[in-house]
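Heavy atoms only: backbone and side chains are in, while hydrogens, waters and symmetry mates are out.
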Amino acid sequence: MKTVLAKTAGFCFGVDRAVSLVYDLVEKGEKVCTLGPIIHNSQLVSDLESRGVKTVENVSDCPEGYTLVIRTHGVEKSVIEEAQSNGINFVDATCPFVSKIHRIVSEQPEDTVTLIAGDENHPEVLGIRSYCKGKSYVFKNENGLNDIIANCLISENMSLICVSQTTFSLKEWKKCEKIIKKLYTNCKIYSTICNATADRQEEAASLSKQMQAMIVIGGRHSSNTCKLRDVCDSNADTFLIETANELKDIDLSVYECVGVTAGASTPAPIIKEVLKTMSEEIIEKEVEAAETVAETADTADKAVETAAPASADGEATFKEMLEESFREDENSKVVTGKVVNITPTEVFVDVDGRKQTGVIAIDDLSSEPVDKPEDVVSIGDELKLVIMKTDDNEGVLKLSKKLVDAFQGWEDITAAKESGEILEGTVTAVVKGGVIVVTNGSRVFVPASLTGIPRGQELDVLKGTTVRFKVIETNPARRRAVGNIKTVANEEKKAQQEALWATLEEGQKLTGTVKSLTSYGAFVDIGGMDGMIHISELSWSRIKHPSEVVNVGDTVEVTIKKLDDENKKISLGFKKIEDNPWEILKRDYPIGSVLKAKIVSNASFGSFANILPGIDGLIHISQIAWERIKTPADVLNVGDEVEVKIIDVDFDKKRVSLSIKELLEKPEETIEELAADEPAEEEAPAEEPVEEAKEEVAEETPVEEEVPAEEETPAEEEAPAEEEAPAEEEAPAEEEAPAEDAE
């Protein structure tokens with residue numbers, strides 16, 4: 001019988017997270033209780049109970065001094081509020097995908113009607129409904145949805161959304177989604193079935209079409225396990241079991257190929273136990289068949305013995321020669337020994353049923369390098385060993401533990417190749433074209449292209465590290481295996497990213513690490529996913545390159561400005577509002593303030609001076625001196641530092657008017673006399689100088705580096721041009737009322 005295990009069988013991310021959380025708390029010595037069973041698996045719950053973890057049904061039942069863990073399905077909103085109000089120390093292990101549904105429904109207005117696809121009595125659905133502000137209705141299939149539509153008076157004008165339980169049947173969801181889209185065109189539909197659940201159901205459907213029978217492992221009260229059973233049952237004979245013990249009631253001998261899958265709450269040890277039991281049953285049947293053959297052979301032997309007895313000259317009979325051919329060679333035999341002494345180079349053991357002394361050389365202890373035998377074995381250990389050589393003259397058996405480990409490890413490797421199981425091993429060597437990974441005493445070669453290390457980078461960074469990999473190819477004749485680290489890393493990264501994405505929100509503040517820089521921004525790792533800070537979001541002042549503000553490896557605090565759910569892109573903000581130079585100007589420099597400024601450019605109608613990083617103000621020609629001047633360049637040069645007085649600020653248009661004149665002593669001549677001698681309008685026309693200034697400022701302002709297209713840098717939309725170049729926008733301000741022309 002051929003057995004095939006589904007690749008997606010077993011714990012999903014949310015369940016694994018919750019279970020690991022409880023075990024971690026227990027290992028830290030904390031007293032723990034869970035609000036209801038942490039998952040739908042009685043065996044795992046029993047194991048937790050044996051470690052002191054209590055299960056309570058109500059928040060009020062939590063014993064004093066205990067940490068309360070909220071289960072993966074989540075709970076009703078009132079339960080969280082009760083725990084908070086009672087001061088109970090609790091940890092929320094609600095699956096991030098469930099928490100996301102809570103956020104979706106809670107953000108809707110009170111007049112919104114919520115349709116929920118799922119089991120109305122399931123804890124997850126009860127929790128979702130508690131977060132709905134308006135009316136909510138639950139349907140578990142197409143018929144249930146039609147009943148709601150017929151009886152609940154939902155009109156097209158109503159605000160309507162639809163979500164689903166994370167473990168809802170994907171096939172049923174597609175049917176219901178089609179009905180909703182047809183009847184309610186204004187309905188917002190959120191596909192909230194967990195990706196892991198959808199993948200598991202799709203694989204189960206595909207696998208069951210190829211198999212004659214399916215074994216589904218999981219709790220009978222588990223929603224996702226029951227969905228798997230229903231998916232498989234339409235294609236093959238399907239059996240739902242919770243433990244390996246239930247296999248004895250199922251006759252699998254009538255099937256040539258059997259598929260195995262498991263629900264999201266099924267621990268890996270239970271899956272392995274089921275597979276092991278199935279294998280043992282196959283072996284037992286083969287043994288029974290072999291015994292039948294042996295009985296037939298024994299009858300034949302007796303007939304041969306009767307027909308041809310041993311010859312008088314002592315020659316062996318046919319039966320004796322047959323038995324001799326099956327006699328096991330002493331060498332290569334597997335024996336059991338007990339460690340009695342350890343030296344720096346050897347381990348001595350007493351071998352069961354043997355008078356010879358057993359010796360294991362340090363090189364035969366393990367396939368991995370060994371510094372001291374004590375690192376591998378201890379006195380009193382019982383070991384499975386292979387006899388490498390028998391030296392009767394010295395009364396010594398030369399033994400090997402490494403060969404037994406390698407044999408067992410090879411069986412694990414071949415099994416993992418068939419099942420797609422992920423193995424762990426240590427990278428022990430870097431060889432030509434790849435690395436060697438040792439797992440359970442067996443060596444696996446991983447090509448450089450499948451290590452996950454970028455092309456051109458040294459593979460030495462992997463040496464000595466523990467890696468997770470899949471076996472993709474085996475050669476039983478040469479006992480060679482090829483592994484793939486990259487695929488496992490990518491799958492785990494994808495799962496991590498999906499879990500992280502479910503927790504992200506616009507406006508959320510995060511801490512990340514600068515991963516790389518480009519001409520248009522900085523990419524930041526925020527815990528498994530990369531977001532981009534556009535160059536315009538790095539500084540309030542103009543910069544030519546992100547390296548002026550951040551460097552690769554820097555730890556930065558960022559804010560999520562925009563989430564692109566379709567393309568899974570994250571736009572980040574880095575600038576802080578308190579660092580905005582216009583906010584600093586408003587706060588610290590009211591009109592009338594005097595400060596140092598640096599002349600940055602001259603125009604025919606005035607000079608521009610930098611007063612704060614990112615802010616240039618205009619000193620109109622009429623505000624440079626009390627006496628009349630022909631051009632600002634006659635008095636001020638670019639680079640000069642001068643004292644100026646703020647005489648006006650327009651925060652909406654980002655314009656600042658400055659004066660040097662008001663800080664100077666007024667001469668005896670009056671402004672009227674000066675105006676009478678030389679009319680201002682003839683010397684400084686209002687309109688023409690503005691246009692000339694734009695050209696002059698444009699010439700003096702360096703061209704900014706070209707920024708890629710908008711879709712590649714979504715943060716660009718949020719950096720208005722006005723903030724980037726205030727100098728060009730400020731010129732027209734003085735055009736409206738030049739001081740001397742008014743006089």
- Query: Just checking, is any N or O donor in the side chain of S164 or T192 under 3.5 Å from an acceptor N or O on the other one?
  - Reply: yes
- Query: Stepwise, does the side chain to side chain contact (heavy atoms under 4.5 Å, CB included) test hold for V15 with V19?
  - Reply: CA-CA 6 Å; V15 171; V19 171; 4.2 Å; yes
- Query: Is there side-chain contact between F574 and T559, with heavy atoms separated by less than 4.5 Å?
  - Reply: no
- Message: Is it true that T511 and E557 share a donor-acceptor pair across their side chains at a distance under 3.5 Å?
- Response: no
- Non-hydrogen side-chain atoms of V91 and I70 separated by less than 4.5 Å: no
- Message: Please evaluate residues T167 and Q165 with respect to the criterion side chain to side chain donor-acceptor pair (under 3.5 Å), reporting the C-alpha separation (whole Å), side-chain torsions for both, the decisive distance (0.1 Å), and the verdict.
- Response: CA-CA 5 Å; T167 56; Q165 187 177 337; 3.1 Å; yes
- Note on the structure: Scanning both residues in full, the closest heavy-atom pair of T261 with R200 reads OG1-CG, 4.4 Å
- Separation of L5 CG from L275 CG (nearest 0.5 Å): 5.5 Å
- Message: Using the salt bridge (Lys or Arg N to Asp or Glu O under 4.0 Å) definition, which of the options K175, K174, K181 pairs with E177?
- Response: K181
- If you look at every heavy atom in T518 and H545, which pair is closest and at what distance? O-NE2, 3.7 Å
- N484 versus T487, side-chain donor and acceptor atoms under 3.5 Å: yes
- Query: Are the side chain of S206 and the backbone N or O of E203 linked by a donor-acceptor pair below 3.5 Å?
  - Reply: no
- Note on the structure: On a heavy-atom basis, the closest approach of T166 and E124 is N-OE2, 2.8 Å
- Task: Apply side chain to side chain contact (heavy atoms under 4.5 Å, CB included) to D565 and W501, showing your working.
- Result: CA-CA 9 Å; D565 191 64; W501 189 268; 2.8 Å; yes
- Please check if atom NZ in K140 has more than 12 non-hydrogen atoms from other residues, nucleotides or ligands closer than 6.0 Å. no
- Donor-acceptor pair, T466 side chain versus T426 backbone, under 3.5 Å? no
- Out of E492, E491, E418, E421, which one pairs with K470 under the salt bridge (Lys or Arg N to Asp or Glu O under 4.0 Å) rule? E491
- Item | Validation row: L68, N89 side chains within 4.5 angstrom (heavy atoms) | no
- Message: Counting neighbours of CD on E458 that are heavy atoms of other residues, nucleotides or ligands and sit closer than 6.0 Å, is the number greater than 12?
- Response: no
- Are the side chain of T277 and the backbone of E273 linked by a donor-acceptor contact shorter than 3.5 Å? yes
- Task: Output yes when a side-chain donor or acceptor of E27 lies under 3.5 Å from a complementary backbone atom of D24, and no otherwise.
- Result: no
- Message: Surrounding NZ of K133 (heavy atoms of other residues, nucleotides or ligands, distance under 6.0 Å), is the total greater than 12?
- Response: yes
- Message: When you measure from the side chain of S208 to the backbone of A204, do you find a donor-acceptor pair of N or O atoms at a distance under 3.5 Å?
- Response: yes
- Within the distance-only criterion (no hydrogens, no angle test), does the side chain of D92 pair as donor or acceptor with the backbone N or O of T94 below 3.5 angstrom? yes
- Check for a donor-acceptor pair, side chain of S106 on one end and backbone N or O of H102 on the other, with a separation under 3.5 Å. yes
- Please examine the side chains of V231 and K171, heavy atoms only from C-beta on, and report whether any two atoms are closer than 4.5 Å. no
- Query: So, for G483 and P447, which heavy atoms are closest and what is the spacing to 0.1 Å?
  - Reply: O-CD, 3.7 Å
- Under the 3.5 angstrom rule, does the side chain of S222 hit a backbone N or O of G218 as a donor-acceptor pair? no
- Item | Shortest non-hydrogen contact from V45 toward P37 | CG2-CB, 4.1 Å
- Apply side-chain hydrogen bond (donor to acceptor under 3.5 Å, both in side chains) to T34 and list each qualifying residue two or more places apart in sequence or on a separate chain. none
- Message: Do I193 and F168 make a side-chain contact, defined as non-hydrogen atoms from C-beta onward lying under 4.5 Å apart?
- Response: yes
- Task: Supply the atom-to-atom distance C194 SG to K100 NZ, rounded to the nearest 0.5 angstrom.
- Result: 11.0 Å
- Task: Starting from the C-alpha separation in whole Å, work towards a yes-or-no answer on side chain to side chain contact (heavy atoms under 4.5 Å, CB included) for F469 and I422.
- Result: CA-CA 6 Å; F469 64 96; I422 296 174; over 6 Å; no
- Message: Atom NZ of residue position K568 - does it have more than 12 heavy atoms of other residues, nucleotides or ligands inside 6.0 Å?
- Response: yes
- Query: Applying the side-chain contact (heavy atoms from CB on, under 4.5 Å) test to L240, which of D233, T225, I217 qualifies?
  - Reply: T225
- Query: Are a donor atom and an acceptor atom from the side chains of T238 and R229 found within less than 3.5 Å of each other?
  - Reply: no
- Item | Identified side-chain contact (heavy atoms from CB on, under 4.5 Å) partner of L115 from the options S136, C162, C176 | C162
- Crowded around R129 CZ? As in, over 12 foreign heavy atoms under 6.0 Å? yes
- Message: Could you walk me through whether T72 and V98 satisfy the side chain to side chain contact (heavy atoms under 4.5 Å, CB included) test, starting with their C-alpha distance in whole Å, then the side-chain angles of each, then the deciding distance to 0.1 Å, before giving a yes or no?
- Response: CA-CA 8 Å; T72 52; V98 177; over 6 Å; no
- Message: Minimum heavy-atom separation for C62 and C33, please, with both atom names.
- Response: SG-SG, 3.5 Å
- Hey, could you give me the CD/CD1 distance between E548 and I543, rounded to the nearest 0.5 Å? 5.5 Å
- Side chain to side chain, L44 and Y23, heavy atoms closer than 4.5 Å: yes
- Message: Checking side-chain polar atoms at under 3.5 Å, does S169 have a donor or acceptor matched by the opposite partner on Q201?
- Response: no
- Check I241, V4, V216, I215 against V260 for a side-chain contact (heavy atoms from CB on, under 4.5 Å) and give me the one that passes. I215
- Query: Hey, does D530 have a side-chain heavy atom less than 4.5 Å from the side chain of I570?
  - Reply: no
- Query: Would R480 and E473 pass as an ion pair if we require N to O under 4.0 Å?
  - Reply: no
- Message: Using a 3.5 Å distance criterion without hydrogens, assess whether the side chain of N551 forms a donor-acceptor pair with backbone atoms of D554.
- Response: no
- Note on the structure: Those residues at least two apart in sequence (or on a different chain) that pass ring-ring contact (aromatic ring centres under 6.0 Å, His included) with Y66 are none
- Could you tell me whether the side chain of E49 reaches within less than 4.5 Å of the side chain of K54, counting heavy atoms only? no
